[in-house]
Amino acid sequence: MIIANTISQVRDQVRQWRREGLTVGLVPTMGYLHEGHGSLVGKAAEDCDRVVASVFVNPTQFAPGEDLASYPRDFERDCEILEKQGCSMVFHPSVDEMYPDGNGKTDTYIEILNDMPKQLCGRTRPNHFRGVCTVVGKLFNIVLPDKAYFGEKDAQQLAIIRRMVRDLSYGIEIVGCPIVREPDGLAKSSRNIHLKPDERKAAVALYRSLKIAEEMASDGEKSSKAVTDAVRAEIEKEPLAEVEYVSAVDSLSMEPVETVGKGTLIAIAVRIGQTRLIDNCVL
């Protein structure tokens, strides 16, 4: 597996693969990888001749006071996971390589101006998806992949990236991959490491609440308020849980819906102690 630290290294290698007639898949990550990331790389390796994974903690998607400095990092372990899953090249740039003006800032951003970024996580993280779109757009321009792979746990991010790709005519196929969970249902997340033992136990309330939503929908419940109220009530049974949002939205547009049905996304964000967790299910 090639380890590239500069944009020019990546571009030179991808050009060589293209001359050989090979297809290229991209898996953008912020590192501290788990089985969910591994599944993205494995899927990309099945679909494409070569796979590039980025490991870059992107400063433009963090607001002041968020966990940029404490975001977990273990590049050596990341490389072991990536190589095992069939990654061909890992792109591990410095902040200055990606944002040459310094301090992780830029004068040019990619931003979706409709209401998609204002829903769900965007309510409390107003510039988050501007940073996500900007760094992903930069990675698309650097790697020029045929396909790019994103996890369905970050459902809002996935929908926004798909819209960006459509609107800006990138010509890249965006592949969404299923949520990977622990045996007790907790969605895999790099932030799970911050959970203390009692918090880790409490975090299973997220999965339990989503199962209630699925059961209600399968029993014929159509009211989004009834479903989200039941989800919230289940989470609030857990004393360590603080609900940020429970929402029912269209899975493509992220717009709130009054009735639930096929394609409705039930999305939740919950703080367990100091750790912010998100999860979802599509009905």
Side-chain angles (χ1 to χ4, degrees), residues 28-32 54 56-72 95 98-141 148 150-168 170 174 176 179 187 189-192 194 206 224 228 231-232 235 241-258 264-280 282:
T29 86
M30 293 211 300
Y32 209 78
S54 62
F56 177 66
V57 182
N58 175 40
T60 65
Q61 67 193 67
F62 288 82
E66 291 187 336
D67 59 347
L68 173 61
S70 63
Y71 194 87
V95 172
M98 291 295 282
Y99 296 105
D101 287 342
N103 299 317
K105 297 180 180 179
T106 181
D107 292 329
T108 304
Y109 289 92
I110 300 174
E111 185 170 13
I112 291 178
L113 297 179
N114 65 16
D115 286 340
M116 289 180 74
K118 300 175 184 177
Q119 310 298 332
L120 307 180
C121 292
R123 297 173 191 166
T124 56
R125 308 182 75 189
N127 293 318
H128 173 70
F129 290 109
R130 183 182 74 169
V132 169
C133 287
T134 300
V135 76
V136 171
K138 288 171 72 71
L139 291 168
F140 286 171
N141 289 335
F150 296 85
E152 292 176 352
K153 182 173 77 73
D154 297 302
Q156 185 176 17
Q157 172 181 276
L158 177 58
I160 286 171
I161 293 299
R162 282 183 166 142
R163 182 63 60 89
M164 179 186 81
V165 166
R166 187 201 73 174
D167 289 355
L168 298 183
Y170 272 107
I174 302 301
I179 298 171
S189 170
S190 300
R191 290 185 168 96
N192 290 351
H194 296 310
L206 279 73
S224 64
T228 55
V231 169
R232 180 181 289 272
I235 298 171
E242 179 183 348
V243 177
E244 181 178 304
Y245 66 73
V246 175
S247 298
V249 301
D250 181 274
S251 59
L252 298 178
S253 69
M254 297 292 111
E255 290 291 339
V257 296
E258 293 185 359
T264 299
L265 175 76
I266 306 299
I268 58 180
V270 180
R271 287 194 178 274
I272 306 288
Q274 298 299 310
T275 306
R276 183 180 185 273
L277 302 175
I278 62 171
D279 204 345
N280 69 78
V282 178

* Asked: So, the side chain of Thr264 versus the backbone of Asp250: is there a donor-acceptor pair under 3.5 Å, distance only?
  -> no

* To do: Quick one: pull up CD1 in Ile174 and CD1 in Ile160 and give me the separation to the nearest 0.5 Å.
  => 13.0 Å

* To do: Starting at CG of Leu68, measure out to CE of Met30 and round the result to the nearest 0.5 Å.
  => 8.5 Å

* Do Asp279 and Ile179 have side-chain heavy atoms sitting under 4.5 Å apart? -> yes

* Structure fact -> Sorted by chain and number, sequence neighbours left out, side-chain contact (heavy atoms from CB on, under 4.5 Å) with Glu111 holds for Leu113, Arg130

* Side chains of Val135 and Tyr99 in contact at under 4.5 Å (non-hydrogen atoms) -> yes

* **Flag side-chain contact, heavy atom, 4.5 Å: Val95 against Val57** => no

* Under the side-chain contact (heavy atoms from CB on, under 4.5 Å) test, residues paired with Leu168 that sit two or more places apart -> Ile110, Met164, Tyr170

* Asked: Residues two or more places apart in sequence or in another chain: which of them pass side-chain contact (heavy atoms from CB on, under 4.5 Å) with Ala267?
  -> Leu120, Tyr245, Leu265, Asn280

* Partners of Gln274 by side-chain contact (heavy atoms from CB on, under 4.5 Å), sequence neighbours excluded? -> none

* side-chain contact (heavy atoms from CB on, under 4.5 Å) assessment of Leu277 paired with Asn192 -> CA-CA 8 Å; Leu277 302 175; Asn192 290 351; 3.5 Å; yes

* Side-chain donor-acceptor pair present, Glu244, Thr124, cut-off under 3.5 Å -> yes

* Structure fact -> side chain to side chain donor-acceptor pair (under 3.5 Å) pairs touching residues 152-164, sequence neighbours excluded, are none

* Side-chain (Ser253) to main-chain (Glu255) donor-acceptor, under 3.5 angstrom -> yes

* Spacing of His128 atom NE2 and Thr60 atom OG1 [to the nearest 0.5 Å] -> 9.5 Å

* **Note, Ile278 side chain near Cys121 side chain (heavy atom, < 4.5 Å)** => yes

* Asked: Hey, are the side chains of Leu139 and Met98 touching, using non-hydrogen atoms and a 4.5 Å cut-off?
  -> yes

* Asked: Quick one: does Ser224's side chain have a donor or acceptor within less than 3.5 Å of a partner on Ala248's backbone?
  -> no

* Is the side chain of Asn114 donor-acceptor paired with the backbone N or O of Met116 at a distance under 3.5 Å, no angle test? -> yes

* Asp67: what forms a side chain to side chain donor-acceptor pair (under 3.5 Å) with it, not counting sequence neighbours? -> Arg191

* Quick one: pull up SG in Cys133 and CD1 in Ile161 and give me the separation to the nearest 0.5 Å. => 4.5 Å

* Side-chain heavy atoms of Tyr109 within contact of Asn127, under 4.5 Å -> no

* Looking at CZ of Arg125 and CD of Gln61, how far apart are the two atoms once the value is rounded to the nearest 0.5 Å? -> 7.0 Å

